[in-house]
Amino acid sequence: MRLGKAVRGVAATLAGVLALTACGGGDEAGDKGPASLRMTVWSANEAHLKLFNEIADEYRKTHPDVAAITFDPLPFENYTTTLTTQIAGGNAPDLAWVFENSAPDFVASGALLPLDDKLKKTEGYQFEDISPATLKLWQDGGKLYAYPFSTSPFGVFVNTDLLKKAGQKTPAELIAAGQWNWDTALTVAGATAGATGKAGLVIRDFDYKGWDNLSTVWTGWGAQAWSEDGKSCGFAAPEMVEAMTTLHKAIFTGKALPGPGTTADFFAGDAAMTVTQISRASLLKPDGFGWDLVPLPAGPKGNYSVVGQAGVGVMKKSKNADAAADFLAFLTNPTNSAKLAQFFPPPRQSQLTAETLAKSNPTLKPEQLQKVVIDGITNGVVKPSHAGQAELSQQVRAGLDPLWKADADVKAVLDGVCTKIQPLLAK
Amino acid sequence: MSQTDTTVGGVEAPPTRDRSRPYWTSRRRDQLTGYLFIAPQLLGSAVFVILPLILVVWYSLHEWNVLAGTFEFVGSENYANLADDTNLGSVLRATGLFSVGLVVFNLGLALLLAVLLNQKLRGTIVFRTLFFSPVVVSLVAWTIVWGFLLQDNGGVNGLLDTVGVDGPNWLRGEGTAMFSVVVVQVFKNVGLNMVLFLAALQGVPAELYEAAEVDGASRLRQFWRITVPMISPTILLTSIITVVGSLQVFAQIAVLTQGGPGTSTTVLVYYLYQQAFQFHHFGYGATLSIVLFVIVLALTVLQWQMRKRWVHHES
């Protein structure tokens, strides 16, 4: 009898807690009173947030039913983990920025609200202007689940002062001579590092952990992390072995890249070149060193481009999902898309011209915008993404760790990576 | 309290209270006062300890897809998955290695420092403060600073270079990474154990040492025969705290190595964090936390039982 009472007591407590959790999770639809919207973003850059807030203020002038719109910057390093923890804790945002590497998980899970109808029906939205290639990653079953907010090509930022100090040819000169390829880029980087004591070439955000950033290199060899259908591992393919062998030699023999456990920030003047996205141009200081932005060096397979994508979606569980979708339509309409283009390359074809982009990117020259941004978006390959990317990413990181030693057997390590991840890919 | 049993229509009626005596006797009032005093603590324990524990067990019986919003009962499936988890062996090995390393280095160094700083010499207060100060420093800040020091071109190798030694890449080597994490943690908390040992050492009666000296016992013999037995209750306390703490290490791994290189520093807490929050296997993460709870409980009980053999002065 006493035990029965105790069990009922625990069950009642659990039921109460679960009910509270469910309430906190935002399952309840019908909102009462003005909505307050929250959007998670990866950037805490003041200029980015200022522009977001200006657009939000503009929206609220005509939408008194929206009491507030806040932008919640989450740390870039743990962005997706923090976002999913917020969702698990019943504190999901109304709108969320989603990186390309977690796009398959978010899109296929049903966590996001379909946006097609809302965007197509919004007056003056010009949905058909959005490049179909940029929508691919964010669609499932013919529905669009996130707007491709930023399609940012990777390029090479160059510290021309440092290269000249080391007596090296600049990439611009190498491009003019038709010699801008990975061989010459790594040679110049190694020579500059040797002559100046600074780092040669930094693949930003790689740091011997963020391996997907290496796709900016191996794509030049025609290698890929996994097959198009995502079922077969590509790390053991000859193209990948050749690309990684070149990279390994560049690190440990040519000293063209800073070794594992060594950090160097290009934007602080610590490196000759860095491979990163053009949105990082905002980190360049006006009174800093002389710089240039050039396309990725050609690989054995010729010229190529790699893009990183971020989409913005509306959480289906949001209490204010309709209002959030309406704000997203405003945020990404042609007028605001043009404003945002100064930081986030837009998917709108009409705005992907050197003239249009130059208006909002005064630091970049028209030829840089054409060669790096427009050509990059048009022909670029998106960084690797796969369902269950976090677990895959962890396995690849652990599998690649033995590669970052001077005496590593490149082929054996890459075979080991495939052994680790093939069961996950086959799921 | 006297009770009167009655039957009504063949059914036993509930006992009734003797109304001739007041209900709020002095004893009952004392009991109520006692319960009221411990109520906040009981409520806190129920809400923040017991209930989460029950919920974790509940979650471990489910598969919770956060993104899809599904919460599905799977019974013992997550527990069965423990046996199929190919990473679990290396994770438990790393956890054991870290714990053993931490306990040995931390307790050994803390005891050594306490004995040295228990001497009546000038400057001991300064050194006590120096060794204790890391305890009050933010753990993450401490770890980030050590992360810079342990880089290939960091401060530690810079120091080694001045004496002609080419230091290893501490956080990138499978052997050196675990050693580095242990050392960072030892330096962070050794001061706390040192202070506890100091307090215990100062409670050892001086006449015991005087008698031992009269008998001609060496310093080392005095240490093993007098000091260690007399401070053994503190050794038990610090060893339990250190073992439990070592099994819960997280921030240092997250900041310094992220479980690498390979999986050499992926300890159990970090692994369950990965499973739950990075891979979105919340049910399996909860199962791993139950495994951790069982390990901590077993080790604590074991240490508590073993006290009978070596802890002196226990009643």
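As the structure is a computational prediction, the values presented were derived from the model and not from experiment. Numbered from 1 within each chain, the chains take letters A, B, ... in sequence-line order. Side chains included, hydrogens not; waters and symmetry mates left out as well; all remaining heavy atoms used.
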### Task
Might you point out which heavy atoms bring Phe277(B) and Thr81(A) nearest each other, and give the distance in Å?
O-CG2, 3.5 Å
### Task
Measure Ser393(A) against the heavy atoms of chain B and call it side chain, backbone, both or neither at under 4.5 Å.
neither
### Message
Is it the case that over 12 heavy atoms from other parts of the model lie below 6.0 angstrom from the CZ atom of Phe293(B)?
### Response
no
### Message
Between Lys316(A) and chain B, with a heavy-atom cut-off of 4.5 Å, which part of the residue counts as in contact: side chain, backbone, both or neither?
### Response
neither
### Task
Inspect the surroundings of CG in Asp84(B) and state if more than 12 heavy atoms from other residues, nucleotides or ligands are less than 6.0 Å away.
yes
### Query
Should the heavy atoms of other residues, nucleotides or ligands under 6.0 Å from CZ of Phe37(B) be counted, would the total exceed 12?
no
### Task
Quick one: closest heavy-atom pair of Gln258(B) and Gln394(A), and the distance?
O-NE2, 4.4 Å
### Top contributor to chain B interface from Thr80(A), Leu392(A), Asn78(A), Thr263(A) [non-hydrogen pairs under 4.5 Å]
Thr263(A)
### Residue part contacting chain B, namely of Gln395(A), when any heavy atom lies under 4.5 Å
side chain
### Task
Would you give the length of the straight line joining atom CG of Leu171(B) to atom OH of Tyr208(A), rounded to the nearest 0.5 angstrom?
14.5 Å
### Query
Within a reach of under 6.0 Å around CZ of Phe76(A), are more than 12 heavy atoms found that belong to other residues, nucleotides or ligands?
yes
### Query
If you count heavy-atom pairs under 4.5 Å between each of Ala68(B), Pro261(B), Gly262(B) and chain A, which one has the most?
Gly262(B)
### Summary
residues 396-405 of chain A vs side-chain hydrogen bond (donor to acceptor under 3.5 Å, both in side chains), sequence neighbours excluded, gives Arg397(A)-Asp401(A), Asp401(A)-Arg172(B)
### Query
Under 6.0 Å from the CZ atom of Phe179(B), do we count more than 12 heavy atoms belonging to anything else shown?
no
### Query
Near Glu72(B) CD, under 6.0 Å, is it more than 12 heavy atoms from other residues, nucleotides or ligands?
no
### Task
Flag yes if more than 12 heavy atoms outside Phe105(B) fall under 6.0 Å of its CZ atom; otherwise flag no.
no
## Note on the structure
Minimal heavy-atom distance between Thr263(B) and Ala398(A), with the atoms involved, is CG2-CB, 4.4 Å
### Side chain to side chain, Pro260(A) and Asn169(B), heavy atoms closer than 4.5 Å
yes
### Message
To the nearest 0.5 Å, what is the distance between CD on Gln278(B) and OG1 on Thr85(A)?
### Response
9.0 Å
### Query
Roughly how far apart are His280(B) NE2 and Ser109(A) OG, rounded to 0.5 Å?
9.5 Å
### Query
Who are the salt bridge (charged side-chain N to carboxylate O under 4.0 Å, His left out) partners of Asp161(B), not counting sequence neighbours?
none
### Closest contact, heavy atoms only, Ala88(A) versus Phe282(B)
CB-CZ, 3.7 Å
### Task
I would like to know whether Thr262(A) and Gln151(B) meet side chain to side chain contact (heavy atoms under 4.5 Å, CB included); could you show each step before the answer?
CA-CA 6 Å; Thr262(A) 308; Gln151(B) 281 183 357; 5.8 Å; no
### Task
Indicate the atoms forming the closest heavy-atom contact of Ala111(A) with Leu67(B), along with that distance.
CB-O, 3.1 Å
